[in-house]
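Read through the structure below, which is laid out as structure tokens, and then see the notes.
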Amino acid sequence: MRREFRPAQIGRLNGAARPAEWPTARIIVSHMPAGSDDGFVKDIRKQSQDFPGWYNDVVRKAELADNSPVAGSMVIRPYGYSLWENIRDPLDALIKQTGHENWYFPALIPLSFLQKEKEHVAGFAPEFQLVTHGGGKELEEPLVLRPTSETMIASVLRNYIQSYRDLPVLTNQWNNVFRWELRTRFFLRTREFLWQEGHTFHETAAEAEEEVDRMLECYRQICEDWCAMPVFLGRKSETEKFAGAQYSTAVEAMMKDGKALQAGTSHYFGQNFTRAYDLTFTDRSNQREHPHSTSWGMSTRMVGAVVMAHGDDFGLQLPPRIAPIQVVVVPIFRTEDEKSQIQEALGPALHPAAGVRVKVDWRDERPGFKFNEWELKGVPLRIEVGPRDLAKGEVLLVRRLDRSKKESVPLLMLKSRLPEALSEIQQAMYARALQFRTEHTVRLDSLAAMVDFFEHRIGFVITPWCGRAEDEKLVQERTGGATTRVIPKNAAKPAGACAVCGTPAVSDVIWAKAY
RNA sequence: CGGGGCGUAGCUCAGCCAGGUUAGAGCGCACGGUUCGGGACCGUGAGGUCGGUGGUUCAAAUCCACUCGCCCCGACCA
């Protein structure tokens, strides 16, 4: 139901064509020694038996993040931060390509700012973290550690927006935000997290609404084309929308436990905020008008999404386009002589100019240990090279996707084969995630069927819906927590009755248990 | 905030019920050696205010009181 996956260019690869006269690769299926692949993985709990435990173990053992001295806040370690950068950078590029400029606004927001928009403050007040003292004295007015910056930005942009000629103003900022969460989880919900928040101001409602769609589309691209994670796009229900928004939209992805994860949101505010902050401009007929504004955000939560969308019992699986290390080389040698032979042989093939993110693991560990460790860390492609391979002028290529298959590749072909293999993996991961989602998404038309589904199965349920909040409450109670995720975009208007209450349906809606 | 559990080495834990030399194990770490194609092995070594405070006792990781912190389950969430 979603568009075709667009064959992606892999990162900075230059896709060199393969000369026809070169030898072709052979796929061999190796048999691992008994006992080595019986599903027992040291250090991490099994995904199938304890999903939250598995997630926690993987995040820590793969060195993405760890607990910190501050309750509810985590430390993002270099491997995890690099992964975030590989999501952030293409998103930043998209944001700039669509005409936005990066700003920076203060992290401390006067409490009174947040109190001006009624629904907004009602939605966020429980999550405020206040700064009450400075320079050893109590402040006249407490400052809130920003939970989001709508209020600050509206207050600042008042000064820069005067005329329709100043519009649109398309801002974005990369920062950290703070929310006093009760139950925290690595990347998914912490008391401090990193994100980008875009805030835009427009002359007309139509223009602002186009902006909302445009940025949601950017999020779709990041999720699908970069993170190999299919998403449903759509509008949030009234109960699920952002506090203060006229309506909210989101991209929703399916995790391997069948739960939904909101991977990005884009909101239309109408004139709610600009009215509350008395932000006005003179329109084309010389009338004072409030601009229509939007905001949209994507956060470090994406890292958690990638972990839960692709990982397995052996650990992480990273899509090549965002993997910090795309190819890891495990050299196999005994003597210094064998070591230098490997170095010589690999040199030209793995030159940085090849544009692939490669790491050669020269550590003094046994190869088997390295295989397991890099699989845990989700590196998409591994090269094994030892004396036996060099004698044949070949190396072994192993994909994280299907670990038991080893492909024998002539050294001469390596430079062209790597980008090609990475591209294949990227597409295979998307296809696999899409298949998983398809297999775990059903269309139902009664509450009884929904209750039964959420009792016995995992995944998404699509039903016709009338749009009433009471239905959401009822479903949530009866199903042990399923909520509406999105009203899918461009879905045909259903002819039938609401699956929950039987009144005429207005649209389809997707139900799921969610993070 | 309600219900349940746990604090002993960097990590996972034993020891506590029946108080008694110098507080233990595995993993990890450091050094040396043998190894190296799917998580190697041997030897040596470093590492502890037993969460904190107070009490009982000749003597407390162990018993008592208080306190702090963490984890899990319910109400809110990018």
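Numbers restart at 1 for each chain; the letters A, B, ... are given by sequence-line order, proteins then strands. Nothing here was measured: the structure is a model prediction, and the numbers come from that model.
- Side-chain atoms of A:R334 and base atoms of B:G37 include no donor and acceptor less than 3.5 Å apart.
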Between protein and nucleotides 70-75 of chain B, map the contacts as a letter string: B base, S sugar-phosphate only, - none, heavy atoms under 4.0 Å, written 5' to 3'. S--S-B
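- Geometrically, A:R321 engages A:W226 in a cation-pi contact defined by less than 6.0 Å to the ring centre and at most 45° from the axis.
- Using atom C1' as the reference point in both B:G51 and B:C6, the two lie 11 Å apart (nearest Å).
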Check the interface with nucleotides 4-12 of chain B: list each N/O to N/O pair with the protein under 3.5 Å, or write none.
none

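- Between A:H120 and A:F273, the ring centre distance stays below 6.0 Å.
- If you take atom C1' in B:G7 and the same atom in B:A14, they sit 15 Å apart, rounded to whole Å.
- Comparing the same atom, P, in B:U44 and in B:C11 gives a spacing of 26 Å after rounding to whole Å.
- Listed nucleotides B:G39, B:A78, B:G38 differ in distance to A:E373; the shortest reach to its side chain belongs to B:G39.
- In this structure, B:U21 makes no Watson-Crick or G-U wobble pair, since no nucleotide meets both defining distances under 3.5 angstrom.
- Per the geometry, CD belonging to A:E365 stands 8 Å off P belonging to B:A40, to the nearest Å.
- Following rounding to the nearest Å, A:D66 (CG) and B:G28 (C1') show an atom-to-atom distance of 15 Å.
- When rounded to the nearest whole Å, the span between CH2 of A:W374 and P of B:G39 equals 18 Å.
- Across all strands, A:Q262 comes closer than 4.0 Å only to sugar-phosphate atoms, never to a base (heavy-atom distances).
- A distance of about 15 Å separates the C1' atoms of B:U53 and B:A60, rounded to the whole Å.
- Here the separation of B:C27 from B:A40, taken at their P atoms, is 13 Å to the nearest Å.
- Of all nucleotides listed (B:G38, B:A78, B:U35), B:U35 comes nearest to the side chain of A:D364.
- Between the A:Y247 side chain and the A:F242 main chain, no donor and acceptor come within less than 3.5 Å of each other.
- Straight-line distance from the CD atom of A:E150 to the P atom of B:A78: 13 Å, rounded to whole Å.
- With RNA chain B read from its 5' end, the first of the two nearest nucleotides for A:G386 and A:F242 is the one closest to A:G386.
- Taking atom C1' in both B:A59 and B:C63, the straight-line distance is 13 Å, to the nearest Å.
- If you take CD of A:E472 and P of B:C76, they are 13 Å apart, rounded to a whole angstrom.
- Remark: B:A14 base-pairs with no nucleotide; criterion is Watson-Crick or G-U wobble with both hydrogen-bond distances under 3.5 Å.
- The distance from atom CG of A:L397 to atom C1' of B:G37 is 16 Å, rounded to the nearest whole Å.
- Closest to the side chain of A:K406, out of B:G38, B:U35, B:C76, is B:G38.
- Here the side chain of A:F193 is nearest to one of B:A78, B:C36, B:G38, namely B:A78.
- Within the structure, side chain to side chain donor-acceptor pair (under 3.5 Å) pairs that include any residue of residues 376-387 of chain A comprise A:E63-A:K377, A:E375-A:R382, A:R382-A:E384, A:E384-A:K406 (at least two apart or interchain).
- When the C1' atom is used for both B:G69 and B:C50, the distance is 16 Å, rounded to whole Å.
- Listed by chain and number, the residues in a side chain to side chain donor-acceptor pair (under 3.5 Å) with A:T200 are A:H202, A:T294 (sequence neighbours excluded).
- If you check every strand for non-hydrogen atoms under 4.0 Å, A:E375 touches a base.
- Taking a cutoff of 4.0 Å between a charged side-chain nitrogen and a carboxylate oxygen, A:R478 and A:E455 do not qualify as a salt bridge.
- Whole-Å rounding puts the A:Q196 CD to B:A78 C1' distance at 11 Å.
- Within the structure, the salt bridge (charged side-chain N to carboxylate O under 4.0 Å, His left out) test picks out the following pairs touching residues 66-76 of chain A (sequence neighbours left out): A:R60-A:D66.
- Contact annotation: A:R366 side-chain N/O to B:G39 OP1/OP2 distance is not under 4.0 Å.
- Within the nucleic acid shown, A:P147 has no heavy atom closer than 4.0 Å to any nucleic acid atom.
- Between A:E470 and A:R468 there is a salt bridge, since a side-chain N of the basic residue sits under 4.0 Å from a carboxylate O of the acidic one.
- In this structure, A:E394 places its CD atom 14 Å from C1' of B:G37, rounding to the nearest Å.
- For B:A75, there is no paired base (Watson-Crick or G-U wobble, both distances below 3.5 Å).
- Residue whose closest nucleotide on RNA chain B sits further toward the 5' end, between A:E127 and A:L390: A:L390.
- For the pair A:R301 and A:W84, the cation does not sit on the ring face, since its NZ or CZ is not both under 6.0 Å from the ring centre and inside 45° of the axis.
- Across every strand in view, B:A9 sits unpaired, with no contact that passes the Watson-Crick or G-U test at under 3.5 angstrom.
- In a base pair of the Watson-Crick type (N1 to N3 plus N6-O4 or O6-N4) or a G-U wobble (N1-O2 and O6-N3), with each distance short of 3.5 Å, B:A61 is matched with no nucleotide.
- Remark: A:K339 does not engage A:E344 in a salt bridge, criterion side-chain N to carboxylate O under 4.0 Å.
- Atom CZ of A:R185 has more than 12 neighbouring heavy atoms from other residues, nucleotides or ligands inside a 6.0 Å radius.
- Pairing of B:C41, defined by two Watson-Crick or G-U wobble distances under 3.5 Å, is identified with B:G33.
- Under the side chain to side chain donor-acceptor pair (under 3.5 Å) criterion, A:R183 pairs with no residue, sequence neighbours left out.
- Applying the Watson-Crick and G-U wobble criteria (two distances, each under 3.5 Å), B:C66 pairs with B:G52.
- By the 4.0 Å N-to-carboxylate-O rule, A:K96 lies close enough to A:D92 to be salt-bridged with it.
- Counting any heavy atom pair closer than 4.0 Å across all strands shown, A:R363 reaches no nucleic acid atom.
- Comparing the C1' positions of B:C66 and B:G47 gives an interatomic distance of 32 Å, to the nearest angstrom.
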